[in-house]
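Values reported hereafter were calculated over all heavy atoms of this structure, with side chains retained and with hydrogens, waters and symmetry mates removed.
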Amino acid sequence: MDTLKKVPVREQDPQVRAKNFEEVCLGYNKEEAVEEANRCLNCKNAQCVKGCPVAIDIPGFITAIKEGNFEDAYQVLSKSSALPAVCGRVCPQESQCEGKCVRGVKGEPVSIGKLERFAADWAREHNIKPQPAAEKKNHKVAVVGSGPAGLTCAGDLAKMGYDVTIFEALHEPGGVLIYGIPEFRLPKGEVVAKEIENVKSLGVKIETNVVIGKAGTIDQLMEEEGFEAVFIGSGAGLPKFMGIPGEQANGVFSANEFLTRNNLMKAFLEEYDTPIMKGKKVAVVGGGNVAMDAARTALRLGAEVHVVYRRSEAELPARVEEVHHAKEEGIIFDLLTNPTEILVDGNGWVKGMACIRMELGEPDESGRRRPVEIPGSEFSLELDTVIMSLGTSPNPLISSTTKGLDINRWKCIVAKEENGATSKPGVFAGGDAVTGAATVILAMGAGKAAAKGIDEYLSGK
C-alpha cells in the first residue's frame, strides 16, 4: 500500500451516470475504509479538527474505523454532527479538515470525508441511532427552517434535553439538502430522510407547511405559543439576476427554481407530473457548486450544456471535484465569458445569448482579479434555456415581520458569530439567513454555536 496516496473511491462511469440520477460516488467498502483509516497518523495536536466548523473528533472516529468499531465511529461523529452522511458527501473537505491534514504535506491528505460517509452509511444500514438526552429540561425552543442550520441547532438542543419544534415552510423537511442539492450528489430517500429521522429520534418535532412570517410571526411563537427562545435558520432562497435585457423571457430560470422542481418535486422521474423545461441547448451562468448542480441536472435531462463564467478556471468557486465530474460528463465550459443580453424570438422565448469575452485585470476588493471586457470580442450562443446561478439572498419575510430584529444592507439578519444572538432577546439566527448563501457545513457550525448560545441564555433564566 502506498501510504502517500488515498485509497481510490469507486464512481459510476461518466458515460453511464450522465444519463441517470443515481449517486455518482459509490463510497468505500469495509476493507477500503479500514485501509484508508490506517493512513491517519492520529496526531496528538490534530490540525484537521481545527479545520472542521463543527469540531468533530476526527482522529477519534478514524481510530474506531481502524479497529473495525464502526458503531463507535458513528457515535463519535454524532456527538458533534447531526448530519454525518450528508457532510461526508457535500462538505468542501479539501479546504477544511483535509486541507489541514499533516499527511497532505508530503502526499495526499487522509480521505476524512469519505470515511465519515462510510461510518454514517454503515450506521444507517445497521439501524444505529444517535444517543438521546438522559434527562429533559422544561424549556420550549422553536427552530425556523429545517435545513442544515436548523437541523443541527435542533439536534444539539434535543441532546441537551430541550423540547424542540422545527417549523418548515415546504411540504418536506431538509431545506437546501432536499431542494437544492441533486439526487446524484445526495440521495434524498436513503440519506437525507434517514438523517432527519435520526434528529427526530432525539425527540425533535417537525411541523411542515408552516411559513413563519405569514402563518404566524416570531413574536407570536414567543408570546402566544410559549417558546422561550427561537432559532432562525430560514436560509437564503431569494435568487439574484443580472439585470440584462431579455432576462424576463420564457426559458430563463433561476438555478433555485430549476433545482427545486427537479429535486424536491421529482421532475426527473417520468411518473411525476411536475413540469420542467427540458432544454436542448442550455447555458448556466455562474461558476459555483449550485451552477455545477444545475448544469449536471440539465445534462441528465438530455441537454447540451454550457457553463458561462466571467473569470478563468482558477477562480471557479465550485469544488474541484464538482468541476472535474462536470467535465467528465461532457459539460462545455465557456470561461472568461460574460452575458450581455438574452436574445428572444417573436413569441417571447429564449433563442440565444449575446456574450463578450473577458480578460483578468487587477485584483478587486475580494482579492480576485477583476474581469474586464475585451472590446470587439462579442459573440452569441444559440440556446433555448438560460439558468442564472448568481447566488441568493435571504427572503425578507421574517425580518420584515419581526419587531426589533436588525438586518444589514444585504437583508441578512445580524447575529453574533460565537453564539447566534440577534438584536432581539431570545431570538438567535445562523446559516445562510445570516451570511447569505454559503456551505452546508458552515450553516451547521452556525446552528451548533446558536444551540450553545440558546442553552446559555435559557440556563440563566
Quiz prompt | Identified side chain to side chain donor-acceptor pair (under 3.5 Å) partner of His324 from the options Glu322, Glu328, Lys327, Glu321 | solution =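 Of Glu322, Glu328, Lys327, Glu321, side chain to side chain donor-acceptor pair (under 3.5 Å) with His324 is met by Glu328 alone.
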Quiz item: When rounded to the nearest 0.5 angstrom, what is the spacing between CD1 in Ile232 and OG1 in Thr422?
Solution: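 Reported to 0.5 Å precision, the distance equals 6.5 Å.
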Practice problem: Look up atom CD in Glu329 and atom CG in Leu299, then write down how far apart they are to the nearest 0.5 Å. | Solution: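 It is 6.0 Å, given to the nearest 0.5 Å.
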Quiz prompt | Non-neighbouring partners of Glu195 that pass side chain to side chain donor-acceptor pair (under 3.5 Å), sequence neighbours left out | solution =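 Result, side chain to side chain donor-acceptor pair (under 3.5 Å) vs Glu195: none returned.
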Quiz item: With a distance cut-off below 6.0 Å to the six-membered ring centre and an angular limit of 45° from the axis, does Arg300 pair with Phe184 as a cation-pi contact?
Solution: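 Judged by the rule, Arg300 and Phe184 form a cation-pi pair.
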Quiz item: Is NZ or CZ of Arg117 both nearer than 6.0 Å to the six-membered ring centre of Tyr28 and within 45° of the ring axis?
Solution: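 That pair does not qualify as a cation-pi contact.
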Just list the side-chain donor-acceptor pairs under 3.5 Å for residues 288-295, sequence neighbours left out, or say none.
unit_1, atom_1, unit_2, atom_2, d
Asn289, OD1, Arg319, N, 2.8
Asp293, OD1, Arg185, NE, 2.9
Asp293, OD1, Arg185, NH2, 3.4
Asp293, OD2, Arg185, NH2, 2.9

Quiz item: ring-ring contact (aromatic ring centres under 6.0 Å, His included) between Tyr74 and Phe61: does it pass, once the steps are laid out?
Solution: CA-CA 7 Å; Tyr74 172 71; Phe61 97 81; over 10 Å; no
Over all atoms of both residues, closest heavy-atom pair of [X] and [Y]:
| X | Y | value |
| --- | --- | --- |
| Leu77 | Ala119 | CD1-CB, 3.7 Å |
| Tyr179 | Leu170 | CD2-CD1, 3.8 Å |
| Val284 | Ser389 | CG1-CB, 4.2 Å |
| Ala215 | Val210 | CB-CG1, 4.2 Å |

Would you find more than 12 non-hydrogen atoms of other residues, nucleotides or ligands less than 6.0 Å from [X] atom [atom1]?
| X | atom1 | result |
| --- | --- | --- |
| Lys50 | NZ | yes |
| Lys214 | NZ | no |
| Tyr272 | OH | no |

Exercise. Evaluate the side-chain proximity of Arg370 to Leu360: yes if any heavy-atom separation is below 4.5 Å, no if none is.
Key: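 Leu360 does not reach Arg370 side chain to side chain.
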